[in-house]
K.L.:
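Sharing a structure, written as structure tokens. Questions coming.
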Amino acid sequence: MSRMKWGIALRLGVLLASFSVFAATLAAYYAFDSSSDRLQARSERSLLATTQVLARHMQSGFGTVARDTTFLASVAGADSDLGRLAEVFRANLAAHPSYLQIRFIGAQNHGLELVRVDRVGNALVRASEEALQEKSHVPFVFEALALRPGEVYISDFGINHENGVDEQALPVFSMASPVLRGGQVHGVVVVRVAAQAFLQNFNSALPTPYGFFLSNRWGDFLMHPDSSQTFGFDRGQRILIQDAFAPVATLIDGSTSEVVLGQPGTDDEEARVFSFVRMPYGRPTEGRFMVVGLSQPLAAVQGEVGDLGRSILKILLLLGAVGVVLATWVSRVVTQPIQAMVVAAKAFSQGQPHGELPVHRTDEMGELARSFHDMEQQISRQIRQLNASHDAMAHLAHHDTLTGLSNRRMFEQILERELERVRRSGCGCALLFVDLDDFKAINDAQGHAMGDLVLRAVAQTIVAAVRQIDTVARLAGDEFTVLCENVDSDAGALLVVAKLERAFAQPLVVDGQSFSVRASIGVSLFPRDAADAHALLASADAAMYRVKQSHRRRV
């Protein structure tokens, strides 16, 4: 009789132990399967978001070169002294290490160069009259001569084969803008940029595991982790991105704007995940674009998934061991706690709330409950960390990294919402466009690091001067905007401007140095001055430029 009792207990213990291990395995599988898919998808979205942010930063970089080109064209149109113009070119080359050459090419005499300043090694050299060349046959001359004032021609990337520039085989691109004198096109200003030095500004900010890819609109590689794959067309080859990554062909033909894909590893290379986006550049009417891509080792993308799996495996082994130990002392009183834990595990794997676990027990069932609770906490912490990383990436996509203010994309969204509110309520709003005067002089004299500190101080000054409900944003460079709600008259807008003028009247103390910073402010009222967000911003921008050109008023 005693033998039969122990035999039944043993069989019952084995049965319940098997059920416990099965329940723990099922719970771990549900938790890992549902969580790993979400983690991997989130990692891929983060890689795509990083690529999109990189593309926007590159567009901003192209915009900076374009603004420099139009500025130099305006200087060439206003000053006929070629000696002073050469000095301005030299100063601009000194401020931008990626610029190889700046030249002023006349519209007459077959496009003869009038001024050319080259970067030769570490020296900036003005070309002699004998070295000046005729360039009317070059696209950046005859294309730029046909543009309207303020427009910029952007060439495709290519290998430099012109004489007179240091590092003949460098990949380059050029920007050109027409020069007007007396209402007539007098010539063009051309800025030639070293492509690798320009792109290094963006590539250098990426962590080591990332690979950077860039192709032109036909798919030819311009940047690739393997430099032998780039600019194949200059060697009589076509090394195309769509051949290496077939899905990218949809970006080339314009049917999609973004692609995420994976490639299995080989004996020589590890498996990687790739994301590509289509980045428009140049004038909108041209429809030109580049393909920007990033790659990351699949192991990095799946790192969080692997950590999660190992954690669940460890806890599963622990739960199995505890279940085997408990099975030798099993009784009916443990049936309900086990069932409660199975239900809780399934609920947690599906993201649903569950009842309280018996963590207060001092026996093996309490230890099992606490182990499951630890697993739940560990998984929750990892998911919170991933959410925090996603939130940080979302913040980076909508805020200026230097000042912390809203960036152009975020500001345009806020402006659209505010205009919609105004249309419903009938209460107007004001938009202020703030542009610093002579900020370039601070950058040139003090360096870009100090210039960045001054921009942060300016951002803090503007935020402190306006109301808390007003939205302050940095569009680019030294351009800021302020969106003032419930301001529908000139008098109301001028009150805000007066606060800003008083704030800028005081010198800014930055890193122990005092700077006298002034700003030109343009104001536009909605709906009086414009019918939509784009027109309102353009109206305020135009008003600011009229102020800047008057040299008298500040608003």
Side-chain angles (χ1 to χ4, degrees), residues 56 59-60 62-64 66-67 69-71 73-74 147-152 154 177-178 180 279-288 397-400 405-437 459 462 466-467 469-498 500 519-550 553-555:
R56 286 193 290 274
Q59 287 176 317
S60 177
F62 282 116
T64 298
R67 284 191 294 275
T69 305
T70 56
F71 167 75
S74 66
L147 298 178
R148 293 191 297 271
E151 289 188 331
V152 177
I154 306 177
S177 185
L180 265 70
M279 181 191 76
Y281 85 108
R283 299 192 303 281
T285 56
E286 295 178 317
R288 292 196 290 169
H398 292 89
H399 291 81
D400 176 41
L405 299 176
S406 299
N407 61 14
R408 178 181 287 271
R409 178 184 181 188
M410 185 64 178
F411 179 75
E412 290 176 348
Q413 294 174 0
I414 294 172
L415 181 57
E416 289 286 355
R417 290 197 297 268
E418 174 60 15
L419 297 191
E420 186 61 31
R421 184 194 68 79
V422 171
R423 293 186 183 100
R424 292 195 305 268
S425 66
C427 183
C429 67
L431 176 63
L432 277 61
F433 198 107
V434 182
D435 186 87
L436 303 184
D437 296 336
I462 296 175
V466 301
R467 303 170 301 174
I469 63 172
D470 297 335
T471 300
V472 181
R474 181 187 178 215
L475 299 188
D478 58 352
E479 296 178 347
F480 298 82
T481 55
V482 181
L483 176 60
C484 303
E485 299 181 14
N486 300 322
V487 175
D488 56 0
S489 67
D490 289 340
L494 290 176
L495 287 176
V496 181
V497 172
L500 288 174
S520 296
I521 304 174
V523 181
S524 185
L525 297 179
F526 181 86
R528 190 193 70 184
D529 297 330
D532 56 35
H534 178 76
L536 186 65
L537 187 60
S539 176
D541 188 15
M544 181 276 297
Y545 272 107
R546 290 196 297 272
V547 171
K548 189 176 290 291
Q549 291 171 356
S550 71
R553 298 182 302 162
R554 293 296 172 190
V555 62

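Treat the numbers as computed from the prediction; the structure is a model and nothing was measured. FYI, the numbering just counts along the sequence from 1.
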K.L.:
Between NZ of Lys548 and CG of Leu436, what distance do you get to the nearest 0.5 Å?
P.N.:
7.5 Å
K.L.:
Could you list the donor-acceptor pairs under 3.5 angstrom formed by side chains in residues 422-433, with sequence neighbours left out?
P.N.:
residue : atom : partner : partner atom : Å
Arg423  : NH2  : Ala531  : O            : 3.3
Ser425  : OG   : Arg421  : O            : 3.0
Ser425  : OG   : Cys427  : N            : 3.3

K.L.:
Could you check whether Ser520 and Asp437, counting side-chain N and O atoms only, form a donor-acceptor pair closer than 3.5 Å?
P.N.:
yes
K.L.:
Would you compute the distance between atom CG of Asp435 and atom OH of Tyr545 and round it to the nearest 0.5 angstrom?
P.N.:
6.0 Å
K.L.:
Using a 4.5 Å cut-off on heavy atoms from C-beta on, say whether the side chain of Val487 contacts that of Asp470.
P.N.:
no
K.L.:
Any non-hydrogen side-chain atom of Arg67 less than 4.5 Å from a side-chain atom of Thr64?
P.N.:
yes
K.L.:
Say whether, by atom type as modelled, one donor and one acceptor occur between the side chain of Arg288 and the main chain of Arg283 under 3.5 angstrom.
P.N.:
no
K.L.:
Just how far is it from atom CG of Leu475 to atom CG of Leu537, taken to the nearest 0.5 Å?
P.N.:
6.0 Å
K.L.:
Measure the spacing between CZ of Phe62 and CD1 of Ile154 and express it to the nearest 0.5 Å.
P.N.:
7.0 Å
K.L.:
Of the non-hydrogen atoms in Glu485 and Arg467, which two are nearest, and what is the gap between them?
P.N.:
O-NH2, 2.7 Å
K.L.:
Within the structure provided, determine whether Val547 and Ile521 are in side-chain contact (heavy-atom separation under 4.5 Å).
P.N.:
no
K.L.:
Can you name the side chain to side chain contact (heavy atoms under 4.5 Å, CB included) partners of Ala535, sequence neighbours left out?
P.N.:
Ala530, Asp532
K.L.:
Might you work through the side-chain contact (heavy atoms from CB on, under 4.5 Å) test for Met544 and Thr481, ending with a clear yes or no?
P.N.:
CA-CA 11 Å; Met544 181 276 297; Thr481 55; over 6 Å; no
K.L.:
Who pairs with Asp478 by salt bridge (charged side-chain N to carboxylate O under 4.0 Å, His left out), at least two apart in sequence or on another chain?
P.N.:
none
K.L.:
Taking Asp529 for the side chain and Leu525 for the main chain, is one N or O donor matched with an acceptor at less than 3.5 Å?
P.N.:
yes
K.L.:
What distance do Ser60 atom OG and Arg56 atom CZ have between them, rounded to the nearest 0.5 Å?
P.N.:
11.0 Å
K.L.:
Measure the spacing between CZ of Phe526 and CG of Leu419 and express it to the nearest 0.5 Å.
P.N.:
4.5 Å
K.L.:
Can you confirm whether Arg474 sits close enough to Ile462 that some side-chain heavy atom of one is under 4.5 Å from a side-chain heavy atom of the other?
P.N.:
no
K.L.:
Between Glu418 and Leu536, is there a side-chain heavy-atom distance shorter than 4.5 Å?
P.N.:
no
K.L.:
For Glu151, is there any backbone N or O sitting under 3.5 Å from a side-chain donor or acceptor partner on Ser177?
P.N.:
yes
